[in-house]
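For reference, the structure discussed in these notes is given below.
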4 protein chains.
Amino acid sequence: MESKQVPSSIKNRALVEKRRDQMIQGAVSLFREKGFHKTTTREIAKASGFSIGTLYEYIRTKEDVLFLVCDSIYEQVNVRMKEVVIASVPGETPLEEAVRAYFHLMDELQEEVIVLYQEVKALPKEAKSYILEKEREMVGMLEEVISHSLPDMPPGKVAVIANNIFVEGQMWGFRRWILQRSFSLEEYIDHQVNVLLYGVSEHQSFTKSKEE
Amino acid sequence: MESKQVPSSIKNRALVEKRRDQMIQGAVSLFREKGFHKTTTREIAKASGFSIGTLYEYIRTKEDVLFLVCDSIYEQVNVRMKEVVIASVPGETPLEEAVRAYFHLMDELQEEVIVLYQEVKALPKEAKSYILEKEREMVGMLEEVISHSLPDMPPGKVAVIANNIFVEGQMWGFRRWILQRSFSLEEYIDHQVNVLLYGVSEHQSFTKSKEE
Amino acid sequence: MESKQVPSSIKNRALVEKRRDQMIQGAVSLFREKGFHKTTTREIAKASGFSIGTLYEYIRTKEDVLFLVCDSIYEQVNVRMKEVVIASVPGETPLEEAVRAYFHLMDELQEEVIVLYQEVKALPKEAKSYILEKEREMVGMLEEVISHSLPDMPPGKVAVIANNIFVEGQMWGFRRWILQRSFSLEEYIDHQVNVLLYGVSEHQSFTKSKEE
Amino acid sequence: MESKQVPSSIKNRALVEKRRDQMIQGAVSLFREKGFHKTTTREIAKASGFSIGTLYEYIRTKEDVLFLVCDSIYEQVNVRMKEVVIASVPGETPLEEAVRAYFHLMDELQEEVIVLYQEVKALPKEAKSYILEKEREMVGMLEEVISHSLPDMPPGKVAVIANNIFVEGQMWGFRRWILQRSFSLEEYIDHQVNVLLYGVSEHQSFTKSKEE
DNA sequence: TATGAATGAGCGTTCATTCAT
DNA sequence: CATGAATGAACGCTCATTCAT
């Protein structure tokens, strides 16, 4: 799915897509390793399997690489999320299923998500808006799932919960240095689902603050 | 509280502390504005009120500035958190109070927290560990508050909830572009507290998944 | 008139000439607009109506294009000048007529002459000599016209005057930013002819320096 | 006379002037040799006697060097011309004296003038206007001398003659490959003065075109 | 202690040229 | 003959760091 946002001087569309895929592949792991700023264009070219000159036939700017990377990751995530959402609808416990699927997805795409998380801010303004729009879309999907399952919930709470799920999913990768030391993925998910469903209420001698 | 992590060639301890305070002050807003990588040492020197030569009398490396900044922010946050925790202990609803206080703190220190969040990864390895240790401390404080209030909760769930609170507090600033458009701080806190206490359960025709 | 100076890998003579004409056409306006150095070979190819690969079938070097352009311009100018010279011989005031015709020619070929003037220096040594030889030819024609009309004039003065005419004609285009703001072409020519014929003498209380 | 047109990051004014003088000195001969475009900033730095980093402490852009060079040359020429003009006023044959002095000046500053002539066009728009303004000034000085000496001459003719003198002076250097092969400086000047004073009229069986 | 001029490795980017198709 | 994707040397410029004063 070649991005029309970034012009290339190569005419052959299929080739552009192929080369950009190589590029994204190469760049993601570099960005993950050392961050966008410490990665040089020459390194990107090398990791992509072509020369610096060739790299610049397919982009205009180093930032274009970042955009391509971010765009591609969100594309993946969104596509996968859609599958999850659709698949979850007929289920008995659609929300829980969707959340579990989302966390699994975040586990799978850890590296990519970390890049996304850390480097979006380095994007030039317009590109950033474009990417953040996609993020909103994703949160939107989660909101839909939630309000589908729980039609009585007020929209504000829906929004906050969707945001929380979204963020906590990302944190599994982003804060792996602390989380993945203590939990397996399944344990983490179980806990998150439990918290999501009941909060703290299970363990409360029933809820002073509410009683007042 | 002069950091012993970063050596200076100046002997006068008090002076070192003073200059570093100037430096941190100047650097934070620059880092917030343009990020660590796009901020030059000259800019830092200028914003600190002294020359580039002087800057390098008090640090060895540009990364030292980042470290100093991160360290100072965490110091602030930790100190403030301790106050909160201590103050909250005798209260009737200690957890809720502590959470509310924490969110207010995160609101107040938004700028600083964003810097922290985005730039820690640029720290050299050792410095990063040092800073992340402080983060663990903070999460630890939240864990303490939780398990104090809810002694029955299993430690795994405590850890996950502490992490969630910690992260969501930061997100108030970090994802302000989406959150602060929809909610006032108080609304956001109310929602988060509600979610924390009850999760989704309030709105459920009581909990298919649990019944099974 | 295909230049033997620049070899081509294409055998078909007629084709070579055709392609080179396209090339020259395209290149002149580009050179005029942005100068030789700031014009890229890709731009030349595009303006010529074929691909970069094809361009290089007809030249060896970017400088070859410049040579071809300069050569072609001088060819045009020389051909036109010859017509002028021949036509002027039978006239009553051959010098004046020739000068007027020359200035009109320079007006017509302004763009080309500016390119010539500004870019010849970028030619590699040998090519430059070749082109400058053509310039000498042109000046030679002017000398002929002059000494034909004024057989008594010593050759040194003839040479200087020929040079002056040559240069002032070019200046009409080259210094258009100052000259064409103050004069129409005819006014300029009238003045130049007047100066050429009488110098300053018309306005002098006859010529101190000569009387001594 | 440090140019305020080009900012420097060095504070010490005297030093800026000194370094820029080195720079101009180094750059002129490089530009003369290979032209502005084929001269690299590293070469300029080297020829100036300092590192590339230092070079860029005193300019922002390669084009700034060109501007500085052009500006300095015109400054020299203008200053020297003013001396000439002033000195010539009380003389008996002020115009001739001024012209002779101007040609001598152009001979002396040959290299510089060639650079000026060939590279002004490479200047960015605003800088070009600034420089061309100085050129107009110079032509203006010549106009003054002429109309002072010959008050009856119509201003149009004055302007054309001033332009001619200005250009022919420059051509002594610019077209040296043809002129300096045939003439010594004094011969060239003598011829030019003669042409200026009498044009072609000395050698004419008195002036068909005028008689009509 | 404080200064700021000097340094040069290294960056992002361009573009003339080649050559397989 | 024509194409255009690929190449990489070379460019202009930046900026963290040093060190003489």
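Note on naming: letters A, B, ... go to the chains in the order of the sequence lines (proteins, then strands), and numbering restarts at 1 for each one. Values below: every heavy atom of this structure, side chains too, minus hydrogens, waters and symmetry copies.
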Looking at [X], I want to see if its [atom1] is surrounded by more than 12 non-hydrogen atoms of other residues, nucleotides or ligands under 6.0 Å.
X	atom1	value
D/K38	NZ	yes
B/Q25	CD	no
C/K18	NZ	no
D/K46	NZ	no

Heavy-atom side-chain contact between C/L68 and C/M23 under 4.5 Å |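 C/L68 reaches C/M23 side chain to side chain.
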What integer distance in Å separates [X]:[atom1] from [N]:[atom2]?
X	N	atom1	atom2	value
D/R13	E/dG4	CZ	C1'	16 Å
B/K11	E/dA2	NZ	C1'	16 Å
B/E17	E/dT1	CD	P	15 Å
B/R42	E/dT3	CZ	C1'	13 Å

Using the C1' atoms of five pairs at each end, what's the angle between the two axes of the helix from E/dA2-F/dT21 to E/dT21-F/dA2, to 10 degrees?
-> 10°
For residues 43-61 of chain D, which residues have at least one heavy atom under 4.0 Å from DNA chain E?
-> D/F50, D/S51, D/I52, D/G53, D/T54, D/E57, D/Y58
Kindly state which residues belonging to residues 27-36 of chain C come within less than 4.0 angstrom of DNA chain E, counting heavy atoms of the residue only, listed by number.
-> none
Earlier contact from the 5' end, DNA chain F, for A/N12 and D/T40 =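 The residue closer to the strand's 5' end, by nearest nucleotide, is A/N12.
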Residue pair B/E63/D/H37 against DNA chain F: nearer the 5' end by closest nucleotide is D/H37
DNA chain E: 5'-proximal contact among D/L15 and B/L15 (nearest heavy atom) =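 Taking each residue's closest nucleotide, the earlier one in sequence belongs to B/L15.
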Scan B/T41 against the nucleic acid and name what it touches under 4.0 Å (heavy atoms): base, sugar-phosphate only, or nothing.
-> base
What pairs of donor and acceptor atoms, side-chain ones from residues 112-129 of chain B against any protein atom, are under 3.5 angstrom apart with sequence neighbours left out?
| from | atom 1 | to | atom 2 | distance (Å) |
| --- | --- | --- | --- | --- |
| B/E119 | OE2 | B/F36 | N | 3.0 |
| B/K121 | NZ | B/Q118 | O | 3.2 |
| B/S129 | OG | B/K125 | O | 3.2 |

I'd like to know if the side chain of [X] and the backbone of [Y] have a donor-acceptor N/O pair within less than 3.5 Å.
X	Y	value
C/T61	C/E63	no
D/R20	D/Y58	yes
B/S51	B/T54	yes
C/D64	C/R60	yes
B/K62	B/T39	yes

By ring pair (Phe, Tyr, Trp, His ring centres under 6.0 Å) - contacts of A/F50 (at least two apart) =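 Expected list: none.
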Would you grab the first and last nucleotide of DNA chain F (5' to 3') that comes under 4.0 Å of any non-hydrogen atom in chain C?
->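 Range of nucleotides touched by chain C: F/dC1 to F/dA6.
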Do D/E57 and D/S9 have side-chain atoms, one donor and one acceptor, less than 3.5 Å apart?
-> yes
